[in-house]
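On a predicted model such as this, the values are computed, not experimentally measured, just so you know.
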Amino acid sequence: MAEIDFRNKINWRRRYRSPQGVKSEHEILRIFESDRGRVINSPAIRRLQQKTQVFPLERNAAVRTRLTHSLEVQQVGRYIAKEVLSRLKEQGKLEQYGLAELTGPFESIVEMACLMHDIGNPPFGHFGEAAINDWFSQRLFPIDAASQPLSHDRCAVAVLKLQEGEDDLNALRRKIRQDLCHFEGNAQGIRLVHTLLRMNLTWAQVGCILKYTRPAWHVGPVPESHSYLMKKPGFYLAEEGYISRLRKELSLGEYSRFPLTWIMEAADDISYCVADLEDAVEKRIFTVERLYQHLYESWGEHQPEDLFAQVVENAYEKAKTNPLQRITEDQFFMYLRVNTLNKLVPYAAQRFIENLPAVFDGSFNQALLEDESPSSRLLELYKRVAVRRVFNHPDVEQLELQGYRVISGLLDIYQPLLKLPLTDFRELVETEGVRRLPIETRLFHKLSGRHRLAYIEAVNNLHAEAADYPLWEYYYRCRLIQDYISGMTDLYAWDEYRRLMAVE
(Lines give C-alpha, C1' and ligand atoms only; values in the text may rest on other atoms or scores of the structure.)
Protein backbone atom coordinates (compact mmCIF):
# COMPACT_ATOMS: atom_id res chain seq x y z
CA MET A 1 0.00 0.00 0.00
CA ALA A 2 1.06 3.58 -0.65
CA GLU A 3 2.76 5.76 1.95
CA ILE A 4 0.16 7.68 3.95
CA ASP A 5 0.40 11.35 2.97
CA PHE A 6 -2.89 13.24 2.99
CA ARG A 7 -1.37 16.00 0.89
CA ASN A 8 -1.87 13.57 -2.01
CA LYS A 9 -5.57 13.15 -1.15
CA ILE A 10 -6.79 16.56 0.01
CA ASN A 11 -6.62 17.94 -3.50
CA TRP A 12 -7.72 21.60 -3.50
CA ARG A 13 -7.81 21.97 -7.28
CA ARG A 14 -11.01 22.14 -9.32
CA ARG A 15 -11.93 20.85 -12.77
CA TYR A 16 -12.60 24.34 -14.15
CA ARG A 17 -10.63 27.51 -13.49
CA SER A 18 -8.48 25.77 -10.94
CA PRO A 19 -5.99 27.93 -9.00
CA GLN A 20 -2.42 27.24 -10.02
CA GLY A 21 0.85 27.05 -8.17
CA VAL A 22 1.84 26.02 -4.66
CA LYS A 23 -0.56 27.33 -2.03
CA SER A 24 0.06 28.31 1.57
CA GLU A 25 -1.99 26.83 4.40
CA HIS A 26 -4.10 30.01 4.53
CA GLU A 27 -4.75 29.96 0.77
CA ILE A 28 -5.79 26.29 0.84
CA LEU A 29 -8.16 26.97 3.72
CA ARG A 30 -9.74 29.82 1.73
CA ILE A 31 -10.29 27.45 -1.20
CA PHE A 32 -12.22 25.04 1.01
CA GLU A 33 -14.14 27.93 2.57
CA SER A 34 -15.25 28.71 -0.97
CA ASP A 35 -16.46 25.10 -1.26
CA ARG A 36 -18.47 25.57 1.95
CA GLY A 37 -20.14 28.66 0.52
CA ARG A 38 -20.98 26.91 -2.74
CA VAL A 39 -22.51 23.96 -0.89
CA ILE A 40 -24.48 25.85 1.76
CA ASN A 41 -25.92 28.31 -0.77
CA SER A 42 -26.90 25.68 -3.33
CA PRO A 43 -30.60 25.12 -4.17
CA ALA A 44 -30.10 21.37 -3.68
CA ILE A 45 -29.42 21.97 0.02
CA ARG A 46 -32.46 24.24 0.38
CA ARG A 47 -34.73 21.63 -1.20
CA LEU A 48 -33.79 19.15 1.50
CA GLN A 49 -36.12 21.01 3.87
CA GLN A 50 -39.10 19.56 1.99
CA LYS A 51 -37.77 16.05 1.38
CA THR A 52 -38.63 12.99 3.43
CA GLN A 53 -36.44 11.57 6.15
CA VAL A 54 -38.89 8.91 7.40
CA PHE A 55 -42.35 10.47 7.35
CA PRO A 56 -43.42 11.85 3.95
CA LEU A 57 -45.41 15.10 3.72
CA GLU A 58 -44.99 15.69 7.45
CA ARG A 59 -46.39 19.02 8.72
CA ASN A 60 -44.98 18.75 12.25
CA ALA A 61 -41.83 20.88 12.12
CA ALA A 62 -40.31 18.96 15.04
CA VAL A 63 -40.09 15.83 12.88
CA ARG A 64 -36.92 15.69 10.83
CA THR A 65 -36.61 16.47 7.14
CA ARG A 66 -33.58 15.58 5.03
CA LEU A 67 -32.20 19.04 5.81
CA THR A 68 -32.43 18.82 9.60
CA HIS A 69 -31.08 15.27 9.44
CA SER A 70 -28.16 16.45 7.28
CA LEU A 71 -27.35 19.24 9.76
CA GLU A 72 -27.15 16.65 12.53
CA VAL A 73 -24.93 14.41 10.40
CA GLN A 74 -22.70 17.43 9.74
CA GLN A 75 -22.23 17.97 13.47
CA VAL A 76 -21.41 14.31 14.14
CA GLY A 77 -19.03 14.22 11.18
CA ARG A 78 -17.20 17.24 12.57
CA TYR A 79 -17.01 15.52 15.97
CA ILE A 80 -15.48 12.34 14.48
CA ALA A 81 -13.03 14.35 12.34
CA LYS A 82 -11.85 16.32 15.38
CA GLU A 83 -11.50 13.10 17.38
CA VAL A 84 -9.36 11.55 14.63
CA LEU A 85 -7.13 14.62 14.38
CA SER A 86 -6.82 14.91 18.17
CA ARG A 87 -5.73 11.29 18.50
CA LEU A 88 -3.23 11.60 15.65
CA LYS A 89 -1.83 14.73 17.29
CA GLU A 90 -1.43 12.88 20.62
CA GLN A 91 0.42 10.13 18.75
CA GLY A 92 2.65 12.72 17.06
CA LYS A 93 1.57 11.59 13.59
CA LEU A 94 -0.01 14.71 12.06
CA GLU A 95 3.26 15.72 10.44
CA GLN A 96 4.06 12.15 9.38
CA TYR A 97 0.70 11.83 7.60
CA GLY A 98 0.89 15.25 5.93
CA LEU A 99 -1.94 16.65 8.05
CA ALA A 100 -0.11 19.27 10.13
CA GLU A 101 -1.27 22.09 7.84
CA LEU A 102 -4.47 20.46 6.62
CA THR A 103 -6.54 20.00 9.78
CA GLY A 104 -8.95 22.79 8.75
CA PRO A 105 -9.59 21.38 5.25
CA PHE A 106 -9.85 17.85 6.73
CA GLU A 107 -12.75 18.95 8.98
CA SER A 108 -14.36 21.12 6.32
CA ILE A 109 -14.41 18.38 3.68
CA VAL A 110 -16.08 15.97 6.11
CA GLU A 111 -18.64 18.55 7.25
CA MET A 112 -19.71 19.56 3.75
CA ALA A 113 -19.84 15.95 2.58
CA CYS A 114 -22.15 15.22 5.52
CA LEU A 115 -24.35 18.17 4.57
CA MET A 116 -24.48 17.00 0.93
CA HIS A 117 -24.81 13.27 1.49
CA ASP A 118 -28.56 13.19 0.70
CA ILE A 119 -28.88 15.88 -1.98
CA GLY A 120 -29.49 13.33 -4.75
CA ASN A 121 -32.40 11.64 -2.99
CA PRO A 122 -35.68 11.85 -4.94
CA PRO A 123 -39.05 12.72 -3.39
CA PHE A 124 -40.27 10.10 -0.91
CA GLY A 125 -36.79 8.69 -0.31
CA HIS A 126 -36.13 5.05 -1.10
CA PHE A 127 -39.68 4.55 -2.36
CA GLY A 128 -39.04 7.33 -4.87
CA GLU A 129 -35.92 5.46 -6.01
CA ALA A 130 -37.90 2.23 -6.30
CA ALA A 131 -40.64 3.95 -8.32
CA ILE A 132 -38.15 5.37 -10.83
CA ASN A 133 -36.30 2.08 -11.21
CA ASP A 134 -39.44 -0.04 -11.50
CA TRP A 135 -40.97 2.32 -14.08
CA PHE A 136 -37.91 2.29 -16.33
CA SER A 137 -37.28 -1.44 -15.82
CA GLN A 138 -40.78 -2.26 -17.00
CA ARG A 139 -40.32 -0.17 -20.13
CA LEU A 140 -36.65 -0.49 -21.05
CA PHE A 141 -35.71 -3.98 -19.91
CA PRO A 142 -38.24 -6.62 -20.98
CA ILE A 143 -36.55 -7.44 -24.28
CA ASP A 144 -33.48 -9.60 -24.67
CA ALA A 145 -34.04 -10.90 -28.16
CA ALA A 146 -34.55 -9.10 -31.45
CA SER A 147 -37.56 -11.29 -32.31
CA GLN A 148 -39.67 -10.00 -29.39
CA PRO A 149 -41.63 -6.87 -30.30
CA LEU A 150 -42.15 -3.92 -27.99
CA SER A 151 -45.67 -3.59 -26.66
CA HIS A 152 -47.44 -0.29 -27.33
CA ASP A 153 -47.40 0.89 -23.71
CA ARG A 154 -43.63 0.79 -23.40
CA CYS A 155 -41.66 3.95 -24.00
CA ALA A 156 -38.51 2.19 -25.20
CA VAL A 157 -38.32 3.40 -28.78
CA ALA A 158 -36.96 1.20 -31.54
CA VAL A 159 -33.50 2.61 -31.00
CA LEU A 160 -33.21 0.60 -27.76
CA LYS A 161 -34.48 -2.64 -29.28
CA LEU A 162 -31.78 -5.27 -29.65
CA GLN A 163 -30.84 -5.92 -33.27
CA GLU A 164 -29.33 -8.90 -35.02
CA GLY A 165 -25.58 -8.50 -35.21
CA GLU A 166 -24.31 -5.00 -34.36
CA ASP A 167 -22.41 -6.30 -31.35
CA ASP A 168 -21.04 -2.91 -30.28
CA LEU A 169 -24.41 -1.16 -30.51
CA ASN A 170 -26.21 -3.97 -28.74
CA ALA A 171 -23.63 -3.84 -25.97
CA LEU A 172 -24.27 -0.10 -25.64
CA ARG A 173 -28.04 -0.70 -25.59
CA ARG A 174 -27.67 -3.12 -22.69
CA LYS A 175 -25.33 -0.73 -20.88
CA ILE A 176 -27.75 2.19 -21.24
CA ARG A 177 -30.72 0.13 -20.06
CA GLN A 178 -28.80 -1.08 -17.01
CA ASP A 179 -27.73 2.46 -16.17
CA LEU A 180 -31.20 4.00 -16.50
CA CYS A 181 -32.83 1.27 -14.41
CA HIS A 182 -30.46 1.81 -11.47
CA PHE A 183 -31.30 5.30 -10.30
CA GLU A 184 -29.67 5.83 -6.91
CA GLY A 185 -29.60 8.89 -4.65
CA ASN A 186 -25.82 8.77 -4.14
CA ALA A 187 -25.16 8.62 -7.88
CA GLN A 188 -27.65 11.44 -8.47
CA GLY A 189 -25.76 13.51 -5.88
CA ILE A 190 -22.60 13.26 -7.98
CA ARG A 191 -24.63 14.24 -11.07
CA LEU A 192 -26.17 17.22 -9.26
CA VAL A 193 -22.85 18.58 -8.03
CA HIS A 194 -21.01 18.21 -11.33
CA THR A 195 -23.47 18.19 -14.23
CA LEU A 196 -26.68 19.91 -13.14
CA LEU A 197 -25.56 22.57 -10.64
CA ARG A 198 -21.99 22.80 -11.97
CA MET A 199 -20.70 23.76 -8.55
CA ASN A 200 -17.07 23.19 -9.59
CA LEU A 201 -16.09 21.91 -6.15
CA THR A 202 -12.56 20.78 -5.34
CA TRP A 203 -11.66 17.21 -6.26
CA ALA A 204 -11.35 16.29 -2.58
CA GLN A 205 -14.80 17.63 -1.73
CA VAL A 206 -16.50 15.68 -4.52
CA GLY A 207 -14.44 12.58 -3.74
CA CYS A 208 -15.83 12.60 -0.20
CA ILE A 209 -19.43 12.19 -1.39
CA LEU A 210 -18.65 9.25 -3.72
CA LYS A 211 -19.97 6.76 -1.17
CA TYR A 212 -20.24 3.73 -3.46
CA THR A 213 -17.86 2.97 -6.28
CA ARG A 214 -19.91 0.67 -8.53
CA PRO A 215 -20.93 2.10 -11.91
CA ALA A 216 -24.72 2.05 -12.37
CA TRP A 217 -24.29 0.04 -15.58
CA HIS A 218 -22.18 -2.69 -13.93
CA VAL A 219 -23.48 -6.24 -14.41
CA GLY A 220 -22.31 -9.52 -13.00
CA PRO A 221 -20.42 -10.20 -9.78
CA VAL A 222 -18.35 -7.52 -8.09
CA PRO A 223 -14.78 -8.10 -6.90
CA GLU A 224 -14.84 -9.69 -3.44
CA SER A 225 -12.14 -7.24 -2.35
CA HIS A 226 -14.57 -4.34 -2.94
CA SER A 227 -17.92 -6.05 -2.30
CA TYR A 228 -19.03 -3.58 0.38
CA LEU A 229 -17.80 -0.49 -1.47
CA MET A 230 -19.70 -1.64 -4.58
CA LYS A 231 -22.95 -2.76 -2.97
CA LYS A 232 -24.88 0.11 -4.62
CA PRO A 233 -24.45 2.22 -7.76
CA GLY A 234 -22.28 5.26 -7.11
CA PHE A 235 -22.30 7.12 -10.44
CA TYR A 236 -23.92 7.05 -13.87
CA LEU A 237 -22.67 6.54 -17.40
CA ALA A 238 -23.17 10.26 -18.00
CA GLU A 239 -20.48 11.05 -15.39
CA GLU A 240 -18.06 8.24 -16.33
CA GLY A 241 -15.43 10.61 -17.72
CA TYR A 242 -15.66 12.92 -14.72
CA ILE A 243 -15.24 10.05 -12.24
CA SER A 244 -12.28 8.73 -14.21
CA ARG A 245 -10.61 12.14 -13.88
CA LEU A 246 -11.60 12.30 -10.19
CA ARG A 247 -9.84 8.99 -9.52
CA LYS A 248 -6.72 10.25 -11.22
CA GLU A 249 -6.70 13.53 -9.29
CA LEU A 250 -7.20 11.75 -5.95
CA SER A 251 -4.89 8.80 -6.70
CA LEU A 252 -7.75 6.32 -6.26
CA GLY A 253 -7.65 2.82 -7.65
CA GLU A 254 -10.60 1.44 -9.59
CA TYR A 255 -13.57 0.92 -7.27
CA SER A 256 -11.66 2.48 -4.34
CA ARG A 257 -13.08 5.15 -2.05
CA PHE A 258 -11.81 8.51 -0.79
CA PRO A 259 -10.51 8.13 2.81
CA LEU A 260 -12.71 10.74 4.49
CA THR A 261 -15.88 9.17 3.08
CA TRP A 262 -15.73 6.56 5.85
CA ILE A 263 -16.14 9.36 8.41
CA MET A 264 -19.15 10.81 6.56
CA GLU A 265 -20.72 7.36 6.41
CA ALA A 266 -20.18 6.72 10.14
CA ALA A 267 -21.70 10.12 10.99
CA ASP A 268 -24.79 9.27 8.96
CA ASP A 269 -25.14 5.84 10.58
CA ILE A 270 -24.87 7.29 14.10
CA SER A 271 -27.26 10.16 13.43
CA TYR A 272 -30.21 8.56 11.71
CA CYS A 273 -30.49 5.58 14.04
CA VAL A 274 -31.39 7.64 17.11
CA ALA A 275 -33.21 10.29 15.09
CA ASP A 276 -35.66 7.85 13.49
CA LEU A 277 -36.68 6.54 16.91
CA GLU A 278 -37.09 10.05 18.29
CA ASP A 279 -39.28 11.06 15.33
CA ALA A 280 -41.44 7.98 15.89
CA VAL A 281 -42.08 9.07 19.47
CA GLU A 282 -42.85 12.61 18.25
CA LYS A 283 -45.36 11.07 15.84
CA ARG A 284 -46.92 9.04 18.68
CA ILE A 285 -46.14 5.73 17.06
CA PHE A 286 -45.01 4.61 20.50
CA THR A 287 -44.14 6.16 23.85
CA VAL A 288 -40.67 6.46 25.33
CA GLU A 289 -41.58 3.72 27.80
CA ARG A 290 -42.66 1.42 24.99
CA LEU A 291 -39.54 2.26 22.97
CA TYR A 292 -37.35 1.37 25.93
CA GLN A 293 -39.18 -1.95 26.20
CA HIS A 294 -38.62 -2.64 22.48
CA LEU A 295 -34.90 -1.87 22.83
CA TYR A 296 -34.60 -3.94 26.01
CA GLU A 297 -36.28 -6.98 24.46
CA SER A 298 -34.32 -6.73 21.23
CA TRP A 299 -30.85 -6.42 22.82
CA GLY A 300 -30.62 -10.07 23.80
CA GLU A 301 -28.60 -11.24 26.79
CA HIS A 302 -28.09 -8.42 29.28
CA GLN A 303 -25.02 -7.79 31.42
CA PRO A 304 -24.84 -5.21 34.25
CA GLU A 305 -22.10 -3.15 32.59
CA ASP A 306 -22.66 -3.84 28.90
CA LEU A 307 -23.17 -1.08 26.34
CA PHE A 308 -26.95 -1.28 26.59
CA ALA A 309 -26.74 -0.50 30.31
CA GLN A 310 -24.23 2.32 29.76
CA VAL A 311 -26.18 3.97 26.95
CA VAL A 312 -29.90 3.10 26.82
CA GLU A 313 -30.59 2.12 30.43
CA ASN A 314 -28.55 5.05 31.71
CA ALA A 315 -30.54 7.48 29.56
CA TYR A 316 -33.83 5.98 30.71
CA GLU A 317 -32.94 6.18 34.39
CA LYS A 318 -31.62 9.74 34.15
CA ALA A 319 -34.77 10.89 32.35
CA LYS A 320 -36.87 9.64 35.29
CA THR A 321 -35.11 11.82 37.86
CA ASN A 322 -37.50 14.74 37.43
CA PRO A 323 -39.74 15.68 40.41
CA LEU A 324 -42.76 13.78 39.02
CA GLN A 325 -40.74 10.60 38.49
CA ARG A 326 -42.16 10.48 34.97
CA ILE A 327 -40.13 9.85 31.86
CA THR A 328 -39.83 12.91 29.62
CA GLU A 329 -39.23 12.56 25.91
CA ASP A 330 -36.79 15.45 25.53
CA GLN A 331 -34.61 14.37 28.42
CA PHE A 332 -34.55 10.73 27.38
CA PHE A 333 -33.43 11.49 23.84
CA MET A 334 -30.93 14.08 24.99
CA TYR A 335 -29.26 11.53 27.24
CA LEU A 336 -29.60 8.74 24.67
CA ARG A 337 -28.01 10.89 21.98
CA VAL A 338 -25.17 12.08 24.24
CA ASN A 339 -24.46 8.58 25.54
CA THR A 340 -24.53 7.14 22.03
CA LEU A 341 -22.18 9.79 20.65
CA ASN A 342 -19.79 9.45 23.58
CA LYS A 343 -19.43 5.73 22.83
CA LEU A 344 -19.65 5.51 19.05
CA VAL A 345 -17.69 8.59 17.97
CA PRO A 346 -14.44 7.59 19.75
CA TYR A 347 -14.88 4.04 18.46
CA ALA A 348 -15.35 5.24 14.87
CA ALA A 349 -12.24 7.41 15.20
CA GLN A 350 -10.28 4.47 16.65
CA ARG A 351 -11.36 2.22 13.77
CA PHE A 352 -10.38 4.89 11.23
CA ILE A 353 -6.88 5.15 12.70
CA GLU A 354 -6.39 1.41 13.27
CA ASN A 355 -7.25 0.70 9.65
CA LEU A 356 -5.61 3.80 8.20
CA PRO A 357 -3.42 2.01 5.61
CA ALA A 358 -6.47 0.37 3.96
CA VAL A 359 -8.64 3.47 4.51
CA PHE A 360 -6.06 5.76 2.93
CA ASP A 361 -5.64 3.34 0.05
CA GLY A 362 -9.43 3.36 -0.41
CA SER A 363 -9.82 -0.41 -0.17
CA PHE A 364 -11.13 -0.86 3.39
CA ASN A 365 -14.10 -3.06 2.52
CA GLN A 366 -16.54 -2.30 5.34
CA ALA A 367 -18.03 0.55 7.34
CA LEU A 368 -16.19 1.84 10.41
CA LEU A 369 -19.11 0.74 12.59
CA GLU A 370 -19.55 -2.65 10.97
CA ASP A 371 -17.76 -5.33 12.97
CA GLU A 372 -18.36 -7.66 15.92
CA SER A 373 -17.93 -4.95 18.54
CA PRO A 374 -20.49 -3.82 21.16
CA SER A 375 -20.60 -0.46 19.34
CA SER A 376 -21.72 -2.13 16.14
CA ARG A 377 -24.21 -4.20 18.11
CA LEU A 378 -25.73 -1.03 19.61
CA LEU A 379 -26.08 0.54 16.18
CA GLU A 380 -27.74 -2.61 14.85
CA LEU A 381 -30.13 -2.55 17.82
CA TYR A 382 -31.39 0.92 16.86
CA LYS A 383 -31.72 -0.09 13.20
CA ARG A 384 -33.52 -3.34 14.00
CA VAL A 385 -36.10 -1.66 16.24
CA ALA A 386 -36.63 1.14 13.69
CA VAL A 387 -37.27 -1.36 10.89
CA ARG A 388 -39.67 -3.48 12.94
CA ARG A 389 -41.52 -0.74 14.81
CA VAL A 390 -41.26 2.41 12.64
CA PHE A 391 -40.72 1.66 8.95
CA ASN A 392 -43.25 -1.17 9.03
CA HIS A 393 -45.89 0.93 10.79
CA PRO A 394 -49.13 1.12 8.74
CA ASP A 395 -49.12 4.94 8.64
CA VAL A 396 -45.57 5.03 7.28
CA GLU A 397 -46.23 2.28 4.74
CA GLN A 398 -49.37 4.02 3.48
CA LEU A 399 -47.49 7.28 2.89
CA GLU A 400 -44.69 5.41 1.12
CA LEU A 401 -47.17 3.70 -1.18
CA GLN A 402 -48.73 7.07 -1.95
CA GLY A 403 -45.28 8.44 -2.76
CA TYR A 404 -44.58 5.48 -5.03
CA ARG A 405 -47.81 6.16 -6.90
CA VAL A 406 -47.05 9.88 -7.22
CA ILE A 407 -43.60 9.29 -8.78
CA SER A 408 -44.90 6.53 -11.07
CA GLY A 409 -47.81 8.75 -12.08
CA LEU A 410 -45.54 11.70 -12.90
CA LEU A 411 -43.39 9.44 -15.08
CA ASP A 412 -46.55 8.31 -16.89
CA ILE A 413 -47.51 11.93 -17.46
CA TYR A 414 -44.11 12.85 -18.95
CA GLN A 415 -43.88 9.64 -20.98
CA PRO A 416 -44.99 11.35 -24.25
CA LEU A 417 -41.63 13.14 -24.34
CA LEU A 418 -39.87 9.77 -24.30
CA LYS A 419 -42.10 8.35 -27.03
CA LEU A 420 -41.29 11.11 -29.51
CA PRO A 421 -39.07 10.14 -32.46
CA LEU A 422 -35.64 11.76 -32.42
CA THR A 423 -36.44 14.25 -35.19
CA ASP A 424 -39.58 15.49 -33.44
CA PHE A 425 -37.89 15.85 -30.07
CA ARG A 426 -34.95 17.67 -31.66
CA GLU A 427 -37.38 20.11 -33.28
CA LEU A 428 -39.13 20.63 -29.95
CA VAL A 429 -35.83 21.39 -28.21
CA GLU A 430 -34.69 23.80 -30.92
CA THR A 431 -37.96 25.72 -31.28
CA GLU A 432 -39.36 25.19 -27.76
CA GLY A 433 -42.78 24.72 -29.29
CA VAL A 434 -44.26 22.61 -32.09
CA ARG A 435 -47.89 23.23 -33.01
CA ARG A 436 -48.58 19.65 -34.08
CA LEU A 437 -47.29 18.42 -30.70
CA PRO A 438 -49.46 20.34 -28.20
CA ILE A 439 -49.13 17.90 -25.26
CA GLU A 440 -45.40 17.36 -25.70
CA THR A 441 -44.79 21.10 -26.08
CA ARG A 442 -46.54 21.89 -22.80
CA LEU A 443 -44.75 19.08 -20.98
CA PHE A 444 -41.41 20.30 -22.32
CA HIS A 445 -42.16 23.83 -21.08
CA LYS A 446 -42.63 22.47 -17.56
CA LEU A 447 -39.10 21.04 -17.43
CA SER A 448 -36.65 23.29 -15.58
CA GLY A 449 -34.15 25.31 -17.56
CA ARG A 450 -31.24 23.79 -15.65
CA HIS A 451 -32.20 20.26 -16.64
CA ARG A 452 -32.92 21.18 -20.25
CA LEU A 453 -29.53 22.89 -20.48
CA ALA A 454 -27.76 19.76 -19.19
CA TYR A 455 -29.51 17.70 -21.88
CA ILE A 456 -28.66 20.20 -24.66
CA GLU A 457 -24.99 20.40 -23.67
CA ALA A 458 -24.66 16.61 -23.50
CA VAL A 459 -26.29 16.08 -26.90
CA ASN A 460 -24.30 18.90 -28.51
CA ASN A 461 -21.11 17.07 -27.52
CA LEU A 462 -22.18 14.00 -29.50
CA HIS A 463 -21.35 13.35 -33.15
CA ALA A 464 -24.70 13.63 -34.93
CA GLU A 465 -23.63 11.36 -37.79
CA ALA A 466 -22.29 8.56 -35.57
CA ALA A 467 -24.11 5.23 -35.57
CA ASP A 468 -24.58 5.40 -31.79
CA TYR A 469 -25.95 8.98 -31.79
CA PRO A 470 -29.66 7.93 -31.45
CA LEU A 471 -28.78 5.69 -28.51
CA TRP A 472 -26.91 8.41 -26.64
CA GLU A 473 -29.56 11.03 -27.40
CA TYR A 474 -32.27 8.79 -25.98
CA TYR A 475 -30.13 8.07 -22.94
CA TYR A 476 -29.78 11.78 -22.15
CA ARG A 477 -33.48 12.31 -22.81
CA CYS A 478 -34.33 9.70 -20.18
CA ARG A 479 -31.83 11.31 -17.83
CA LEU A 480 -33.59 14.65 -18.44
CA ILE A 481 -36.88 13.23 -17.16
CA GLN A 482 -35.21 11.46 -14.23
CA ASP A 483 -33.33 14.65 -13.29
CA TYR A 484 -36.50 16.74 -13.32
CA ILE A 485 -38.71 14.40 -11.30
CA SER A 486 -36.02 13.33 -8.83
CA GLY A 487 -35.20 16.99 -8.18
CA MET A 488 -38.72 17.74 -6.94
CA THR A 489 -39.50 18.08 -3.25
CA ASP A 490 -42.12 15.78 -1.73
CA LEU A 491 -44.71 18.54 -1.56
CA TYR A 492 -44.07 19.81 -5.08
CA ALA A 493 -44.28 16.28 -6.53
CA TRP A 494 -47.52 15.67 -4.63
CA ASP A 495 -49.06 18.97 -5.80
CA GLU A 496 -47.83 18.54 -9.37
CA TYR A 497 -49.30 15.06 -9.59
CA ARG A 498 -52.67 16.26 -8.30
CA ARG A 499 -52.67 19.24 -10.67
CA LEU A 500 -51.81 17.24 -13.76
CA MET A 501 -54.22 14.46 -12.86
CA ALA A 502 -56.93 17.13 -12.30
CA VAL A 503 -57.51 15.88 -8.74
CA GLU A 504 -58.75 18.43 -6.23
- Item | F106 and I263, any side-chain heavy atoms less than 4.5 Å apart | yes

- Item | Heavy-atom neighbours of K383 NZ exceed 12 at 6.0 Å | yes

- Task: List for me each residue that meets side chain to side chain donor-acceptor pair (under 3.5 Å) alongside E473, sequence neighbours excluded, and say none if there are none.
- Result: Y455, R477

- Message: So does A238 get a backbone contact from the side chain of Y475, meaning a donor-acceptor N/O pair under 3.5 Å?
- Response: yes

- Message: Does the plane of the ring in Y242 sit parallel, tilted or perpendicular to the ring in H194? Use 30° and 60° as the thresholds.
- Response: parallel

- Message: Using the rule salt bridge (charged side-chain N to carboxylate O under 4.0 Å, His left out), only one of R257, K232, K231 pairs with E265; which is it?
- Response: R257

- Message: To check you understand the geometry: which heavy-atom pair defines the closest contact between S373 and D371, and what is its length?
- Response: OG-OD1, 2.6 Å

- Could you tell me whether R377 atom CZ has more than 12 heavy atoms of other residues or ligands within 6.0 Å of it? yes

- Message: Checking the side chain of K51 only, and the main-chain atoms of T65 only, is there a donor and an acceptor separated by less than 3.5 Å?
- Response: no

- Query: Would you say T68's side chain and R64's backbone share a donor-acceptor pair under 3.5 angstrom?
  - Reply: no

- Message: Under 6.0 Å between ring centres: does that hold for Y97 and F360?
- Response: no

- Are more than 12 heavy atoms from other residues, nucleotides or ligands located less than 6.0 Å from atom CZ of R245? yes

- Message: So for atom CD, which belongs to Q96, do other residues, nucleotides or ligands contribute more than 12 heavy atoms lying within a distance under 6.0 Å?
- Response: yes

- side chain to side chain donor-acceptor pair (under 3.5 Å) assessment of S34 paired with R38: CA-CA 6 Å; S34 176; R38 296 173 195 217; 3.1 Å; yes

